[in-house]
Structures are given as structure tokens and as C-alpha cells.
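Have a look at the structure below before the remarks.
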Amino acid sequence: MSTKRIYREDPYAVSCEAEVTGVREKRGFDVIACDTSVFFPEGGGQPSDTGTVSIADSGVIHEVSRACDEDLFGDVWHETDAPAGTFKPGDRVTLTIDWDFRFRNMQRHCGEHMLSGTMDSLFGGVNRGFHMGEEYITIDIDLEGRMLTDEELDLAQSAVNDAIWSALPVRVTWFDDYESSLALPVRKQVPHEGKVSVVTVGDPDDPYDCIACCGTHPANSAEVGLLAIYKCEPNKGMNRIYFDCGKAAFEKLSADSALLADAAKRFSCSPADLASRLDLEAANVSSLKAKLAGLSAYVKEAEKERILAEAKGSAVYKYSSELLGTDDLLKLGFSVINETEGLLLMMMDTVSLTCLLFSSGDAKCGELVKANAAGFGGRGGGRPDNARAVFTTLKDMKAFADAVGASL
């Protein structure tokens with residue numbers, strides 16, 4: 001005997017009395033099937049319900065983390081946190097779902113149907129993929145390679161929300177077979193063996209959307225609340241749309257609104273003026289970067305002349321800086337060493353604790369790093385003409401440089 005699925009008759013049912021009809025073990029815990037269940041098993045892109053199961057005789061309550069099935073008309077299996085051997089066939093139990101999670105999924109699934117239907121009616125887009133994630137929902141809309149514009153996304157979002165707020169009826173109709181289901185104007189014809197359930201939003205004679213689905217849905221589109229599109233990006237030649245519905249969308253939009261207000265406050269402007277203010281800041285940053293690049297080039301040239309003068313006739317020269325970063329020191333090092341002979345140049349970035357070695361003579365930089373860096377807690381490597389070593393303390397880096405200099 002298969003499980004009687006109450007959610008099909010009443011998606012608003014939160015709990016039911018049931019009898020355990022089967023017990024399995026999974027990773028040391030009981031998985032139970034019952035003659036009746038309010039739990040929706042994951043399927044059709046919708047995650048399963050979560051909740052609890054309480055044992056009538058003892059009153060002990062266990063968590064149900066997942067429900068699943070092997071076919072649409074077989075048993076519903078409930079994965080519990082009860083140690084293996086807790087349940088046995090014939091036990092009387094009470095199954096209770098997490099209603100907030102169920103209703104959230106009802107809102108999201110119905111909203112997905114309405115958005116997919118809108119993409120079809122407005123643009124001829126076909127939904128090729130659907131995923132209901134924790135933070136957002138995605139659908140992949142196929143427009144034969146064409147990408148949706150921002151204006152089209154805004155139009156679709158407005159159309160769906162207008163339909164949501166029109167309080168359209170949502171009906172689930174069962175048919176004995178696929179051919180019979182075509183009596184309704186289903187958006188996407190997918191041949192299917194056995195019974196078929198079709199979800200219709202709006203008037204069955206002229207529906208807003210109509211599609212085969214095994215998930216749970218509210219009785220009225222108004223219960224979806226709202227739909228918010230977050231972004232759209234290319235994915236395998238299709239439009240991957242990120243969005244959410246109902247309470248989840250409201251919470252995301254509220255958080256985004258608070259973030260926008262905080263950002264505007266930091267820039268001493270209104271949220272409406274934030275974009276222009278950010279453009280101004282970006283222009284200022286670009287100007288500063290150009291000036292910084294000019295100053296850096298000036299400093300490197302001046303330092304190059306100073307190093308060449310001070311290193312003249314020396315076998316080893318050590319240089320350190322807090323102002324020039326590793327990339328600048330790398331460029332400076334190459335420009336200096338190219339104008340010397342027989343010199344080992346060590347350039348130390350005292351901020352990142354990186355020591356760069358350059359050689360225009362017999363000294364082999366990579367070998368010097370390999371032979372000495374580890375002894376001072378450093379690591380690195382390189383080629384004969386240049387190498388680098390990174391340290392954890394300034395003291396260790398300077399000691400490394402002294403040791404390398406003394407070894408030559």
C-alpha cells in the first residue's frame with residue numbers, strides 16, 4: 001500500500017496522524033514510510049518539506065530532515081534523526097511539517113510558473129532549467145541565442161506582479177494520462193506516463209499560465225506576494241534569470257534597501273543621487289591613480305640613479321622601502337641590474353616582507369634563496385638571475401639578507 005499524500009488534496013495541511021508501514025536504515029538513523037503523510041518529497045525542482053515526527057506511545061519527537069520517494073505514487077520516505085531501531089512497522093506517529101518553509105516554497109514555485117509563463121507569452125522564451133536554491137531561484141530561458149534586455153526584464157517583472165496582485169485562482173487538475181491533460185492549454189508539452197497533474201493560474205479557458213507540475217502551490221496568486229528579478233546573465237546560450245518570490249524576495253529587497261541607504265549616507269547624498277556620486281568618485285580615483293603612476297615613475301627613476309651611484313664597485317647592495325610595493329621594486333630591480341656588472345642586488349618590501357634578489361654576476365639568486373630562506377622561516381625560489389623569498393617577520397628578512405651578503 002502506497003502513502004496517501006495529503007499535500008495533494010490540501011497543501012495547507014500542517015500535520016496528520018499516521019501509521020509506520022516501513023523502516024529503513026541510513027547512516028545509522030531510521031528512515032520511515034507511513035500510510036499517510038503531509039510531507040512533500042523533493043521533486044520537480046522543489047525541495048522536500050522538513051519537520052518532525054512524534055511517537056504516539058512515548059511522545060518523543062524526532063526531526064525529519066528530508067522526504068523522498070521512488071515514484072509519484074509510491075511510498076513517501078522520511079529521513080529522521082532517530083537512531084536505527086527506534087521505529088517499527090505499526091507505530092502510531094504524528095507527522096508535522098515546517099509550515100514557514102512549506103509556504104515559502106509554495107510562493108516561490110508558483111511565482112516561478114508565472115515568470116516562466118510570462119517569458120513564453122511576451123518573448124517566446126522556453127524554460128529549459130529550474131533550480132530553487134537557498135538564496136534565490138534560477139530559470140534558464142532559451143531565446144535561440146538572444147539575450148534579454150534590461151527593459152524586457154523590467155516588463156516581465158511588472159507583468160508578473162500585476163498578475164500576482166490580481167488575485168488569480170490557482171488550480172491543480174489531475175488527469176489519468178498525458179493525452180487527457182492536453183485538454184488544458186498547457187504551455188509546455190512534456191509526454192509523461194501515468195497520471196498527470198496540471199497547475200493552472202487564472203481562468204482555465206484563458207490562463208495566465210498552465211503547466212504540468214507535481215509541486216505545491218497556493219490557492220491564489222495573491223499569496224505569492226511579489227516577485228523580484230535580481231539579475232540575468234548568459235548561460236550556455238540561454239538567459240539565466242536570478243529571482244525570488246514572497247517573503248524571501250521581501251527580505252532580500254529590504255536588506256538591499258538598507259544597504260543602499262547606508263551607502264548613500266556614507267557619501268552624504270540621497271539614494272537617488274548615489275550612482276552619479278559613485279561616478280564622480282570613480283573619476284577622482286582614476287585621476288589619483290594617474291598621478292600616483294607619475295609619482296611612482298619619478299621616484300623609481302630617482303632611486304635608480306641613487307642605487308647605481310651607491311652600488312658602484314660593490315658586490316652586494318641591499319635596499320629597503322616602505323613606499324614602493326613589491327611590483328614597483330621588481331621593476332626598479334630589473335632596471336638597476338641591467339646597468340650593472342657583478343652585482344647581487346637585494347630589494348626588500350618591508351610591508352609584504354618580500355625580499356627580491358637580482359644578479360648581474362656569478363651569484364645564483366634561486367640557489368641563494370633555496371640555501372638560506374628556510375633557515376630564517378622564509379620560503380620562495382626563482383631563477384639564477386632573479387628570485388624572491390617571503391618571510392613572516394621583518395627581523396627574519398633582514399637576517400636573511402645579511403646572511404646572503406656575508407656568504408658572497
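In what follows, residues are counted from 1 in the order of the sequence shown. These values consider heavy atoms only, across backbone and side chains, with no hydrogens, waters or symmetry-generated copies.
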Checklist entry - Are I229 and V160 close enough, and set up right, to give a side-chain contact (heavy atoms from CB on, under 4.5 Å), and what steps lead you there? => result CA-CA 11 Å; I229 295 177; V160 173; over 6 Å; no
Checklist entry - For Y136, is the NZ or CZ atom of K252 found under 6.0 angstrom from the centre of its six-membered ring and inside 45 degrees of the ring axis? => result no
Checklist entry - What pairs meet the salt bridge (charged side-chain N to carboxylate O under 4.0 Å, His left out) rule with one or both residues in residues 39-66, with sequence neighbours excluded? => result E42-R66, D49-R102, R66-E79
Item to check | Donor-acceptor pair, side chain of Y12 and main chain of A219, under 3.5 angstrom | outcome: yes
Checklist entry - How far does CD of Q107 sit from CZ of F250, to the nearest 0.5 angstrom? => result 12.0 Å
Checklist entry - Quick one: does M114's side chain get under 4.5 Å of L227's, heavy atoms only? => result no
Next on the checklist: Treating S116 as the side-chain partner and H113 as the backbone partner, does any N or O pair qualify as donor plus acceptor under 3.5 Å?
Outcome noted: no
Checklist entry - CD1/I137 to CZ/F243 distance, rounded to the nearest 0.5 angstrom? => result 4.5 Å
Checklist entry - So, the side chain of D30 versus the backbone of T86: is there a donor-acceptor pair under 3.5 Å, distance only? => result yes
Next on the checklist: According to salt bridge (charged side-chain N to carboxylate O under 4.0 Å, His left out), does anything in residues 381-395 pair up with another residue at least two apart or in another chain? List the pairs.
Outcome noted: R383-D385
Checklist entry - Got a salt bridge between D69 and R5, using NZ or NE/NH1/NH2 to carboxylate O under 4.0 Å? => result yes
Next on the checklist: If the condition is side chain to side chain donor-acceptor pair (under 3.5 Å), which residues does E19 pass it with, not counting sequence neighbours?
Outcome noted: none
Checklist entry - Pairs in or reaching into residues 326-336: which pass salt bridge (charged side-chain N to carboxylate O under 4.0 Å, His left out), with residues at least two apart or in two chains? => result K300-D328
Checklist entry - Taking side chain as C-beta onward, heavy atoms only, is V38 less than 4.5 Å from T96? => result no
Next on the checklist: Apply side-chain contact (heavy atoms from CB on, under 4.5 Å) to residues C210 and V198 and explain how you reach the verdict.
Outcome noted: CA-CA 7 Å; C210 185; V198 176; 3.5 Å; yes
Checklist entry - Atom NE2 of H109 and atom NE2 of H217: how far apart are they, to the nearest 0.5 Å? => result 4.5 Å
Next on the checklist: One pair to check against side-chain contact (heavy atoms from CB on, under 4.5 Å): L226 and L253. What are the steps and the verdict?
Outcome noted: CA-CA 11 Å; L226 63 93; L253 294 177; 4.1 Å; yes
Item to check | Side-chain donor/acceptor of T216 to backbone N/O of P11, under 3.5 Å | outcome: no
Checklist entry - With a 4.5 Å limit on heavy-atom distance, are the side chains of L353 and T392 in contact? => result no
Next on the checklist: Less than 4.5 Å apart, side chain to side chain, heavy atoms only: is that true for L148 and I241?
Outcome noted: yes
Item to check | Main-chain N/O of P204 paired to T200 side chain as donor or acceptor, under 3.5 Å | outcome: no
Checklist entry - Does a sphere of radius 6.0 Å around NZ in K398 hold more than 12 heavy atoms from other residues, nucleotides or ligands, not counting ones at 6.0 Å or beyond? => result no
Item to check | Sub-4.5 Å side-chain heavy-atom contact between V336 and M347 | outcome: no
Checklist entry - In terms of ring plane angle, is the pair F400 and F391 parallel, tilted or perpendicular, where the classes change at 30° and 60°? => result tilted
Checklist entry - Would you call R266-E281 a salt bridge at under 4.0 Å N-O? => result no
Item to check | Expected output: side-chain T21 to main-chain A33 donor-acceptor under 3.5 Å | outcome: yes
Checklist entry - Would you find a donor on one side and an acceptor on the other, under 3.5 Å apart, between the side chain of N338 and the backbone of S335? => result no
Next on the checklist: Checking A167 now: which residues fulfil side chain to side chain contact (heavy atoms under 4.5 Å, CB included) with it, not counting sequence neighbours?
Outcome noted: N220, A222
Next on the checklist: So, taking the atom named OG in S197 and the one named CD1 in I211, what distance separates them when rounded to the nearest 0.5 Å?
Outcome noted: 11.0 Å
Next on the checklist: With a 6.0 Å cut-off (strictly less than), is the heavy-atom count around CZ of F101, excluding the residue itself, greater than 12?
Outcome noted: yes
Checklist entry - Can you name the side chain to side chain contact (heavy atoms under 4.5 Å, CB included) partners of K291, sequence neighbours left out? => result S287
Checklist entry - In chain order, what residues pass the salt bridge (charged side-chain N to carboxylate O under 4.0 Å, His left out) check against D396, with sequence neighbours excluded? => result none
Checklist entry - Below 4.0 angstrom, N of the basic side chain to O of the carboxylate: do D142 and R128 qualify? => result yes
Checklist entry - Is any side-chain heavy atom of I32 less than 4.5 Å from a side-chain heavy atom of C34? => result yes
Item to check | Distance-only donor-acceptor check, side chains D273 and S276, under 3.5 Å | outcome: no
Next on the checklist: Walk me through whether T393 and F376 qualify under side-chain contact (heavy atoms from CB on, under 4.5 Å).
Outcome noted: CA-CA 9 Å; T393 70; F376 297 94; over 6 Å; no
Next on the checklist: Contact between L182 and F175 at the side-chain level, heavy atoms closer than 4.5 Å - yes or no?
Outcome noted: no
Next on the checklist: Can you pull out every salt bridge (charged side-chain N to carboxylate O under 4.0 Å, His left out) where at least one residue sits in residues 150-168? Sequence neighbours excluded, please.
Outcome noted: R146-E152
Next on the checklist: How long is the straight-line distance from CG of D402 back to CG of N372, given to the nearest 0.5 Å?
Outcome noted: 11.5 Å
Next on the checklist: If you count heavy atoms of other groups shown closer than 6.0 angstrom to CZ of R8, is the number above 12?
Outcome noted: yes
Checklist outcome for this item: Sorted by chain and number, sequence neighbours left out, ring-ring contact (aromatic ring centres under 6.0 Å, His included) with Y317 holds for none
Checklist entry - Any ion pair linking K4 and D35 (charged N to carboxylate O, less than 4.0 Å)? => result no
Next on the checklist: In terms of relative ring orientation, are F39 and H78 parallel, tilted or perpendicular, with 30° and 60° separating the classes?
Outcome noted: perpendicular
Next on the checklist: Please check this pair: side chain of D81 against backbone of H62, looking for a donor-acceptor N/O pair closer than 3.5 Å.
Outcome noted: no
Item to check | Among L345, L344, L329, the one residue meeting side chain to side chain contact (heavy atoms under 4.5 Å, CB included) with F358 | outcome: L345
Item to check | Non-neighbouring partners of E251 that pass side chain to side chain contact (heavy atoms under 4.5 Å, CB included), sequence neighbours left out | outcome: K247
Item to check | Pairwise side-chain contact, L332 with K304, heavy-atom cut-off 4.5 Å (strictly under) | outcome: yes
Item to check | Any donor-acceptor pair under 3.5 Å from R187 side chain to A212 backbone | outcome: no
Next on the checklist: With no hydrogens and no angle check, just 3.5 Å: does a side-chain donor-acceptor pair link Y319 and E303?
Outcome noted: yes
Item to check | Pairs touching residues 360-371 that satisfy side-chain hydrogen bond (donor to acceptor under 3.5 Å, both in side chains), sequence neighbours left out | outcome: T340-S360
Checklist entry - Out of curiosity, D262 CG to F267 CZ, how far, rounded to the nearest 0.5 Å? => result 10.5 Å
Next on the checklist: For a quick check under 3.5 Å, do Y7 and S37 share a side-chain donor-acceptor pair by atom type?
Outcome noted: no
Item to check | Whether S221 side chain and A163 backbone form a donor-acceptor pair below 3.5 Å | outcome: yes
Checklist outcome for this item: Contacts of V351 meeting side chain to side chain contact (heavy atoms under 4.5 Å, CB included) (sequence neighbours excluded), chain-then-number -> D349
